[in-house]
Chemist: 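First, the structure itself, so that you have it in front of you.
Below, chain A is the first sequence line, B the second, and so on; all start at residue 1.
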Protein chains: 2
Amino acid sequence: MTSAPYASRERSTKERILGAAEALFATHGFAGASLRQVTAAARVNLAAVNYHFGSKDKLIEEVFRRRLDELNSRRLAALGKVAGLDETRLEDVLDAYIRPALDLSRTDGGGAAFVRVLARAYAEHNETLRRFLSDNYGHVLRQFATEFARQLPGLAKEDIYWRLDIVTGALTYAMADFGIIQRKHEVAERDHREVAAEHLIRFAAAGLRAPSVSNSPATR
Amino acid sequence: MTSAPYASRERSTKERILGAAEALFATHGFAGASLRQVTAAARVNLAAVNYHFGSKDKLIEEVFRRRLDELNSRRLAALGKVAGLDETRLEDVLDAYIRPALDLSRTDGGGAAFVRVLARAYAEHNETLRRFLSDNYGHVLRQFATEFARQLPGLAKEDIYWRLDIVTGALTYAMADFGIIQRKHEVAERDHREVAAEHLIRFAAAGLRAPSVSNSPATR
DNA sequence: GTTTCAATCAAACGATTGTTTGAGAGTACG
DNA sequence: CGTACTCTCAAACAATCGTTTGATTGAAAC
């Protein structure tokens, strides 16, 4: 029923499709990667996508759900270990937010590609996709916002959300490695992301601790 | 020769195509927006794109060049007014970097759409496009890096580039309005971006002033 | 008036798109 | 055995893609 019909030779057809789709969506975009490219890379018949997922759009959704469920629970688990504690520093909360994304990008199963897919999702600005992400991410972001608010009593709730958005943008951009400045080639990919996470946490912690904008409106 | 054949009724065919392409690329992506959609929106014959630009790829390049040339020179002009001066604060340099992007997104001619196109370009991760941006943006970024280094003598050159990348990522995503948290509908678009710029500058200034990562490697 | 040339137009080009079809293979259950 | 069911496959579907063609327009040059 739920298991494969006969002992699968390596990975199931569905998983092979998801993996190939993830990689191709990352490099060519959702519209740019065709189902023929995907099925060829997965060494699967063209009709398999519509048979297993129903349509290309459903396949895209499934690519997200597979990783986001994991990323969601990991972030919440990490947050649960530090939330509400007296000795918790701001950096610990940031680490709970950033580190799971970093770990995801280092999984052997192609999670690195998904980080780029996620960055594309933000760029898509598609209302359907946005609602999908909001439904799956909204409550996680709210929990983090609560803990950030506890760490930063001087900030208004609105400021918190603004800065979390900024952190998310910077995180997405950095994890997807969109830098204009070329990296040295001798630096390995995973070392690169590790360094990126350090810089991000350091930068974001200082940015979050900045004086409130709302309390001092005379900025310009 | 360079002028229109007869007094143009409103805007030239090339300009109408560029405007329509910019808007459609922003919402549907480069692969997602077809030339038939573009030419229909511009009220222009389908063949006009290939006649005036040669191909779809060349059209994409031209969409970038039109705005980037302006953004480039505005940023350098703003930087020139504050660079090297004793009374210049870090926030002034950041303002020179961020404000022109904000102004661009408020132009009536659809510059707001271009900001989203720019965000897409980063997500594209296309090597050709990356080189194009690096050629047009590289020297600007280097000049800003020099001034930032002057303002932040405690930071290593590598730290400067890392943090400039972070600022660029946060700027790109904030300006393109990719926030997961829904905004209040009563807030107008241009007010929204104005507030975004204030938050960004405040956040980025504090982040840039954070202690160097390189000088204290014991982060985790 | 005639030539010249840039610009626009409808129509078609072959290639590729997502999706559907119907036959066939292979396992499980009775 | 036969029936049932899941999955795979080659082939075709209509639609849409970027691009090209050849005719036609209209103003400028001579």
Chemist: B:E70: which residues meet the side chain to side chain donor-acceptor pair (under 3.5 Å) condition with it, sequence neighbours left out?
Modeler: B:R74
Chemist: Sorted by first residue and then second, give each salt bridge (Lys or Arg N to Asp or Glu O under 4.0 Å) pair with at least one member in residues 52-61 of chain A; sequence neighbours left out.
Modeler: A:E61-A:R65
Chemist: Whole angstrom is fine here: how far is it from CD in B:E15 over to P in C:dA7?
Modeler: 13 Å
Chemist: Rounded to whole Å, how long is the line connecting atom NE2 of A:H28 with atom C1' of C:dT17?
Modeler: 16 Å
Chemist: In whole Å, what is the span from the CG atom of B:L24 to the P atom of D:dG18?
Modeler: 12 Å
Chemist: Of all the base pairs, Watson-Crick or G-U under 3.5 Å, which form stems of three or more consecutive pairs involving DNA chain C?
Modeler: C:1-23 with D:8-30, C:25-27 with D:4-6
Chemist: For B:F144, give me all partners under ring-ring contact (aromatic ring centres under 6.0 Å, His included), at least two apart in sequence or on another chain.
Modeler: B:Y97
Chemist: Whole Å only: how far is the CZ atom of A:F30 from the C1' atom of C:dT17?
Modeler: 18 Å
Chemist: Mind listing the residues from residues 49-62 of chain B sitting with a heavy atom below 4.0 Å of DNA chain C? Number order is fine.
Modeler: B:Y51, B:H52
Chemist: Measure the CZ-CG distance between B:F148 and B:L141 for me, rounded to the nearest 0.5 Å.
Modeler: 9.0 Å
Chemist: One thing to verify: whether B:E22 and B:R66 come together as a salt bridge, which I'm taking to mean a side-chain N less than 4.0 angstrom from a carboxylate O.
Modeler: yes
Chemist: Return the minimal non-hydrogen interatomic distance between B:V63 and B:A21, and the atom names on each side.
Modeler: CG2-CB, 4.1 Å
Chemist: Looking at A:A197 and A:L102, what are the two nearest heavy atoms and their distance?
Modeler: CB-CD2, 3.8 Å
Chemist: Give a yes/no on whether any side-chain N or O of A:T13 is located under 4.0 angstrom from OP1 or OP2 of D:dT8.
Modeler: yes
Chemist: Each nucleotide N or O in nucleotides 11-16 of chain D that has a protein N or O under 3.5 Å away: list the pair and distance.
Modeler:
none

Chemist: For B:N50 and B:S55, work out which heavy atoms get closest and say how close.
Modeler: OD1-CA, 3.7 Å
Chemist: Mind listing the closest non-hydrogen atom pair of B:L208 and B:L155 along with its distance?
Modeler: O-CD1, 3.5 Å
Chemist: Looking only at heavy atoms, what is the nearest atom pair of B:I166 and A:A170, with distance?
Modeler: CG2-CB, 3.7 Å
Chemist: Find the distance A:I17:CD1 to C:dG18:P and express it as a whole number of Å.
Modeler: 13 Å
Chemist: Of the non-hydrogen atoms in A:A33 and A:L24, which two are nearest, and what is the gap between them?
Modeler: CB-O, 3.7 Å
